[in-house]
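Notes follow once the structure below has been shown.
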2 protein chains.
Amino acid sequence: MNIGAAAARSGVSAKMIRYYESVGLIGAASRSQAGYRIYGDADIHRLRFIRRARDLGFSVEKITALLGLWSDKGRSSASVKSLALAHIDEIRRQIGELQSVLATLEDLAQHCHGDNRPDCPILDDLSHGRPQ
Amino acid sequence: MNIGAAAARSGVSAKMIRYYESVGLIGAASRSQAGYRIYGDADIHRLRFIRRARDLGFSVEKITALLGLWSDKGRSSASVKSLALAHIDEIRRQIGELQSVLATLEDLAQHCHGDNRPDCPILDDLSHGRPQ
DNA sequence: GATGGGGCTTCCCACGATGGGAAGGTCAAG
DNA sequence: CTTGACCTTCCCATCGTGGGAAGCCCCATC
């Protein structure tokens with residue numbers, strides 16, 4: 001299977017497959033006589049794993065660790081879980097930050113009458129760091 | 001005031017002040033005879049505005065629009081509010097995505113016993129796209 | 001007046017993950 | 001054999017930020 005077919009079957013673009021190879025997330029694919037990369041079912045499986053993990057927000061670096069645990073038959077589920085929990089904490093932190101920003105903006109927008117007058121608490125806040 | 005002092009007083013690094021100038025977010029600063037950038041209180045004010053807006057997650061592009069409205073005495077608060085509301089929607093969307101990912105990960109982590117056995121629903125999900 | 005240290009300048013590079021595109025080789029169908 | 005789709009490598013761009021080098025400038029201290 002060429003890289004295009006592998007991309008279609010894995011949901012990872014050809015561009016990204018080459019990129020993942022360049023950063024060592026997947027090993028160098030074997031090549032045809034013409035130099036085309038050749039992939040098998042195991043590669044598709046691995047690429048789908050990567051795709052799913054990316055969708056869940058894991059960085060390439062974290063996925064490297066996950067892939068190591070995935071292929072390590074003797075690993076403990078505890079080590080996988082700790083990676084997942086760390087990621088969960090990170091996401092919770094991001095959500096918290098966004099919610100804080102959101103609350104500020106909602107508050108500002110609520111106090112902005114939004115008509116044709118130029119007075120605007122939003123700009124006042126941006127300008128002075130404090131409402132009014 | 002030189003760029004270092006302006007950075008200290010605005011909370012925007014000297015690097016970023018030069019960057020904002022290069023992308024047109026702030027005008028080119030006047031220069032001393034030696035070529036040093038010179039800033040005044042109005043510039044500090046503008047930089048603080050930018051800093052605050054960045055903290056609230058506005059992109060440089062959006063800040064360009066906000067700055068335009070800020071300096072336009074005849075603008076309506078409605079136009080500012082619509083920018084803010086669009087940003088609010090964007091943040092809500094981001095929070096929603098993160099919450100969806102979080103729910104998935106929490107579910108997976110909850111079903112991973114996290115002991116020394118190798119069975120791990122997290123890796124199973126990443127591997128097959130569906131638990132088990 | 002010389003010297004040193006810190007600040008300023010511009011320019012290049014890096015991040016992370018992704019896409020775009022050019023130039024050139026290859027394959028398969030007609 | 002031609003044509004079009006596919007593959008290769010290489011470079012560039014994104015977005016906002018930081019690091020660092022080479023070279024000039026300013027001020028204080030000796």
Side-chain angles (χ1 to χ4, degrees), chain A residues 1-26 28-40 43-44 46-67 87 90-91 94 97-98 101, chain B residues 1-26 28-40 43-44 46-67 87 90-91 94 97-98 101:
Chain A
M1 179 173 14
N2 285 337
I3 198 172
R9 286 183 49 189
S10 67
V12 177
S13 74
K15 279 274 189 190
M16 292 316 298
I17 295 177
R18 295 193 195 98
Y19 172 73
Y20 292 152
E21 180 182 318
S22 80
V23 297
L25 192 48
I26 56 180
S30 55
R31 301 286 185 127
S32 73
Q33 275 192 323
Y36 285 20
R37 288 175 180 80
I38 302 174
Y39 298 94
D43 300 306
I44 301 305
R46 193 174 178 90
L47 286 170
R48 282 189 184 147
F49 182 105
I50 293 170
R51 173 63 203 271
R52 175 87 176 125
R54 286 292 303 137
D55 285 348
L56 288 175
F58 286 92
S59 69
V60 165
E61 193 179 4
K62 284 181 178 175
I63 297 176
T64 303
L66 285 173
L67 282 170
H87 191 42
E90 170 68 11
I91 293 178
Q94 287 177 23
E97 276 184 18
L98 285 175
V101 166
Chain B
M1 180 175 11
N2 286 338
I3 198 172
R9 285 184 50 189
S10 66
V12 177
S13 74
K15 279 274 188 187
M16 292 315 299
I17 294 177
R18 296 193 194 97
Y19 171 73
Y20 292 151
E21 179 182 319
S22 79
V23 298
L25 192 49
I26 56 182
S30 55
R31 302 284 186 130
S32 73
Q33 275 191 323
Y36 285 20
R37 287 175 180 79
I38 303 174
Y39 298 94
D43 301 305
I44 301 305
R46 193 173 178 91
L47 286 169
R48 283 189 182 147
F49 182 104
I50 293 171
R51 172 65 203 270
R52 174 89 176 123
R54 287 290 303 140
D55 285 347
L56 288 176
F58 286 92
S59 69
V60 166
E61 194 180 4
K62 284 181 179 174
I63 297 175
T64 303
L66 285 172
L67 282 169
H87 191 43
E90 171 69 11
I91 292 177
Q94 288 176 23
E97 276 183 19
L98 285 175
V101 166

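Here is how names work: the chains are called A, B, and so on, in the same order as the sequence lines, proteins then strands, and each is numbered from 1.
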*Assign a letter to each nucleotide of nucleotides 16-25 of chain C from its 5' end: B, base within under 4.0 Å of a protein heavy atom; S, sugar-phosphate only; -, no contact.*
-BBSBB---B

_Is any side-chain heavy atom of B:L67 closer than 4.5 Å to one of B:I50?_
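Touching, per the 4.5 Å side-chain cut-off.
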
How many whole angstroms separate atom [atom1] of [X] from atom [atom2] of [N]?
{"X": "A:I38", "N": "D:dC6", "atom1": "CD1", "atom2": "P", "answer": "18 Å"}
{"X": "B:I3", "N": "C:dG7", "atom1": "CD1", "atom2": "C1'", "answer": "11 Å"}
{"X": "B:R18", "N": "C:dC13", "atom1": "CZ", "atom2": "C1'", "answer": "16 Å"}
{"X": "A:M1", "N": "D:dC7", "atom1": "CE", "atom2": "P", "answer": "12 Å"}
{"X": "B:K62", "N": "D:dC15", "atom1": "NZ", "atom2": "P", "answer": "13 Å"}
{"X": "B:Q33", "N": "C:dC8", "atom1": "CD", "atom2": "P", "answer": "18 Å"}
{"X": "B:E21", "N": "C:dC8", "atom1": "CD", "atom2": "P", "answer": "14 Å"}

With a 3.5 Å cut-off and sequence neighbours excluded, list the donor-acceptor pairs that the side chains of residues 15-22 of chain A form with protein atoms.
{"unit_1": "A:E21", "atom_1": "OE1", "unit_2": "A:R37", "atom_2": "NE", "d": "2.9"}
{"unit_1": "A:S22", "atom_1": "OG", "unit_2": "A:Y19", "atom_2": "O", "d": "2.7"}

Minimum-distance pair of heavy atoms, taken over all atoms of [X] and [Y]:
{"X": "A:A7", "Y": "A:S13", "answer": "CB-C, 4.0 Å"}
{"X": "A:I44", "Y": "A:R9", "answer": "CG2-O, 4.0 Å"}
{"X": "A:D55", "Y": "B:V101", "answer": "O-CG2, 3.9 Å"}

_Point-to-point distance, once rounded to the nearest 0.5 Å, from CD1 of A:I63 to CG of A:L25_ =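 These two atoms lie 6.0 Å from each other.
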
*asked:* Counting only side-chain nitrogens and oxygens, does B:R31 get under 4.0 Å of the OP1 or OP2 atom of C:dT10?
replied: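 Looking at the OP1 and OP2 atoms of C:dT10, one of them is under 4.0 Å from a side-chain N or O of B:R31.
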
*For D:dT9, take OP1 and OP2 only and decide whether either is under 4.0 Å from a side-chain N or O of A:R37.*
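Looking at the OP1 and OP2 atoms of D:dT9, one of them is under 4.0 Å from a side-chain N or O of A:R37.
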
